[in-house]
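Atom set for the values below is all heavy atoms of this structure, side chains included, hydrogens, waters and symmetry mates excluded.
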Amino acid sequence: MTIEATNRGVLEHWYDHMWGKTDFDLIPQIAAEKYLRHDMTGANNLMPAENYRDMLKPVLGHLAVEEFQYYLVTEGDYVGALGRFLLEGGRHWDWVQVFRLADGRLAETWLTGMGGTDAMGYPQPRNAWTGEEFPESAPPLNANKQHVLDWYGFLFSDADASAASDYLKGEVRAHDQLDGDRTVSAAQYTGEMRALIRSSGMANFRHFLIEENGLVFATCSCKLDDGRQWDWVQAFKLEDGKITRTWLPSIGGTDEGLEIGPDSRWPASAMPEDSYSL
C-alpha cells in the first residue's frame with residue numbers, strides 16, 4: 001500500500017467516524033500524541049490529542065450531524081481536505097484544510113479559519129502565522145502547482161486584469177468569502193480579488209502546495225505592502241493547465257477588513273461531484 005493510500009484511509013476514519021458521528025473519543029487513536037495545530041486555537045499550538053478531544057467533546061459531542069461532505073487530495077505525507085459540515089441547530093462549517101501525517105497519525109494541520117455560520121470557526125487574531133508554521137520540505141513543484149504560484153504573482157501585481165485569461169479558463173467558479181457559489185469571468189474575478197487585497201505588492205510570501213488529479217491545495221502566508229498579513233489555505237481545480245474553480249472559505253492573518261459574508265455558505269453543489277457524503 002502506498003503512503004498516499006494509507007494516509008487517505010486515516011483521514012477517511014477521521015471524517016467518517018470521528019467527525020461524522022461526533023465521536024471525539026476517537027481523537028487520541030487517530031491523532032499523534034502531540035498534535036501541532038496552526039488554526040483558530042493558535043498559530044503554533046502543540047496540543048496533546050486528549051486536550052483536543054476535551055476541547056471539542058463538551059461543545060459539539062452532543063450534536064447530531066445533518067449534512068457532511070468531504071473531498072480528499074493526497075501527496076506524500078500530506079492530505080488536503082475540502083469539507084462542508086452541518087450540525088443540528090444551524091451550525092454550518094465550510095473549510096479547506098491541509099494535514100501532515102507521520103507513522104499513520106495526524107501530526108500537524110493548517111486551517112486559518114472556516115466559512116459558514118459558526119463563529120467558533122472564524123479566523124482569530126491569535127492564529128496569525130509567524131513563518132515557523134511552514135515545513136522545511138514539501139512535495140516538489142509540478143506544472144499545476146507552478147501555475148497556481150504564477151497566478152498569485154499576477155494577482156498581487158498591477159498587471160492589466162485582461163491578462164487573467166492566461167491563468168483562468170474563461171470563467172471561474174468561486175466559493176469564497178464573497179459568495180458561496182458564483183461563476184464570473186476571469187477579469188471580473190481578478191478585479192474582485194484585487195479589491196479585497198487593496199494593495200499592489202506582497203512580501204515574505206511563504207507557501208507549500210500539494211496536488212492530485214488536477215486539484216491543488218495551496219497553504220500560503222504573505223505581508224501586503226501596507227503591513228497587513230494574510231494567511232490562507234486555498235484549493236484550485238485546473239483543467240488543460242488553467243484554473244477553472246477555487247475554494248477559499250476564509251483568510252486569516254491581521255486584516256480586520258476581511259469579514260466572512262452572509263452569502264458565503266457553501267451549497268451542496270459547491271463540493272466536487274465525487275465528494276464523499278455521509
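Using a 30° and 60° split on the angle between ring planes, W95 and F68 fall in the tilted class, from 30° to 60°. The aromatic rings of H207 and F205 lie tilted to each other, with the angle between the two planes from 30° to 60°. Taking the six-membered ring where the residue is Trp, W14 and F99 present perpendicular rings, their angle passing 60° and hence far from 30°. Classified by interplanar angle (parallel below 30°, tilted 30° to 60°, perpendicular above 60°), the ring pair Y70/Y276 is tilted. Using cut-offs of 30° and 60° for the angle between ring planes, the W93 and W19 rings count as perpendicular.
Transitive grouping of hydrophobic side chains (ILVMFWY, heavy atoms separated by less than 4.5 Å) brings L63 and Y15 into a common cluster. Hydrophobic clustering, with ILVMFWY side chains joined whenever heavy atoms are under 4.5 angstrom apart, keeps F85 apart from Y122. Under the 4.5 Å side-chain heavy-atom criterion for Ile, Leu, Val, Met, Phe, Trp and Tyr, L106 and F24 are members of the same hydrophobic cluster. If you chain together hydrophobic residues whose side chains sit under 4.5 Å apart, M55 and I30 fall into the same group. If you chain together hydrophobic residues whose side chains sit under 4.5 Å apart, I251 and M114 never meet in one group.
Between the K223 side chain and the M202 main chain, no donor and acceptor come within less than 3.5 Å of each other. For D263 (side chain) and D179 (main-chain N/O), no donor-acceptor pair under 3.5 Å exists by modelled atom type. Distance alone, capped at 3.5 Å, is enough to place a donor-acceptor pair between the T117 side chain and the H92 backbone. Side chain of D118 to backbone of G121: no donor-acceptor contact under 3.5 angstrom is found. Side-chain N or O atoms of T190 include one that pairs as donor or acceptor with a backbone N or O of A186 at under 3.5 Å. With T219 contributing its side chain and W110 its backbone, the two residues share no donor-acceptor pair below 3.5 Å. For R105 (side chain) and P28 (main-chain N/O), a donor-acceptor pair under 3.5 Å exists by modelled atom type. Counting only distance, with no hydrogens or angles, the side chain of R37 and the backbone of L46 share no donor-acceptor pair below 3.5 Å. Of the possible donor and acceptor atoms, one in the side chain of Q229 sits under 3.5 Å from a partner among the backbone N and O of W129. Of the possible donor and acceptor atoms, none in the side chain of K169 sits under 3.5 Å from a partner among the backbone N and O of T244.
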Just do the side chain to side chain donor-acceptor pair (under 3.5 Å) check on Q146 and D150 with the steps written out, would you?
CA-CA 6 Å; Q146 186 60 57; D150 292 344; 3.0 Å; yes
Residue pair M18, I27: steps toward the side-chain contact (heavy atoms from CB on, under 4.5 Å) verdict
CA-CA 7 Å; M18 190 276 281; I27 290 175; 3.9 Å; yes
For H175 and S269, what are the C-alpha separation, side-chain angles and deciding distance, and is it a side-chain contact (heavy atoms from CB on, under 4.5 Å)?
CA-CA 10 Å; H175 316 282; S269 62; over 6 Å; no
Run E12 and H17 through side chain to side chain donor-acceptor pair (under 3.5 Å) and show every step you take.
CA-CA 8 Å; E12 288 174 348; H17 298 283; over 6 Å; no
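By the 4.0 Å N-to-carboxylate-O rule, R182 lies close enough to D176 to be salt-bridged with it. Salt bridge R8/E212: present, at least one basic N to carboxylate O contact under 4.0 Å. Residues R100 and D77 are not paired through a salt bridge, judged by the lack of any N-O separation under 4.0 Å between the basic side chain and the carboxylate.
You'll find the side chain of V233 stays beyond 4.5 Å of the side chain of Q97, heavy atoms only. Annotation: side chain of L82 is in contact with side chain of W266 (closest heavy-atom distance under 4.5 Å). No side-chain heavy atom of V172 sits less than 4.5 Å from a side-chain heavy atom of T183.
When every heavy atom of I210 is checked against every heavy atom of P139, the shortest pair comes out as CG2-CG, 4.1 Å. Between P267 and G180, the closest heavy-atom pair is CD-O, 3.9 Å. Nearest heavy atom pair, residue E211 against residue G214, reads OE2-N, 2.9 Å. Here the shortest heavy-atom pairing between P249 and D94 reads CB-O, 3.6 Å. Listed here is the closest heavy atom pair of S137 and Y78: O-OH, 3.1 Å. The shortest non-hydrogen separation linking P123 to G252 is CB-CA, 4.0 Å.
Cation-pi geometry between R194 and F154 is met: under 6.0 angstrom from the ring centre, within 45 degrees of the axis. Cation-pi geometry between R245 and F236 is not satisfied (NZ or CZ under 6.0 Å from the ring centre, within 45° of the ring normal).
Side-chain atoms of S250 and Q177 include no donor-acceptor pair closer than 3.5 Å. A donor atom on one side chain and an acceptor atom on the other are found under 3.5 Å apart for Y152 and Q234. Between the side chains of D225 and S199, at least one donor N or O sits under 3.5 Å from an acceptor N or O. A donor-acceptor pair shorter than 3.5 Å can be found between the side chains of D255 and W230. Side-chain contact, T74 with N7: no donor N or O sits under 3.5 Å from an acceptor N or O. Checked by atom type, the side-chain pair Q29/H13 shows no donor-acceptor distance below 3.5 Å. Side-chain contact, N44 with E133: a donor N or O sits under 3.5 Å from an acceptor N or O.
Applying the side-chain contact (heavy atoms from CB on, under 4.5 Å) test between H147 and each of L141, I243, D166, V216 identifies I243 as the sole match.
Within a 6.0 Å sphere centred on NZ of K242, heavy atoms belonging to other residues, nucleotides or ligands number more than 12.
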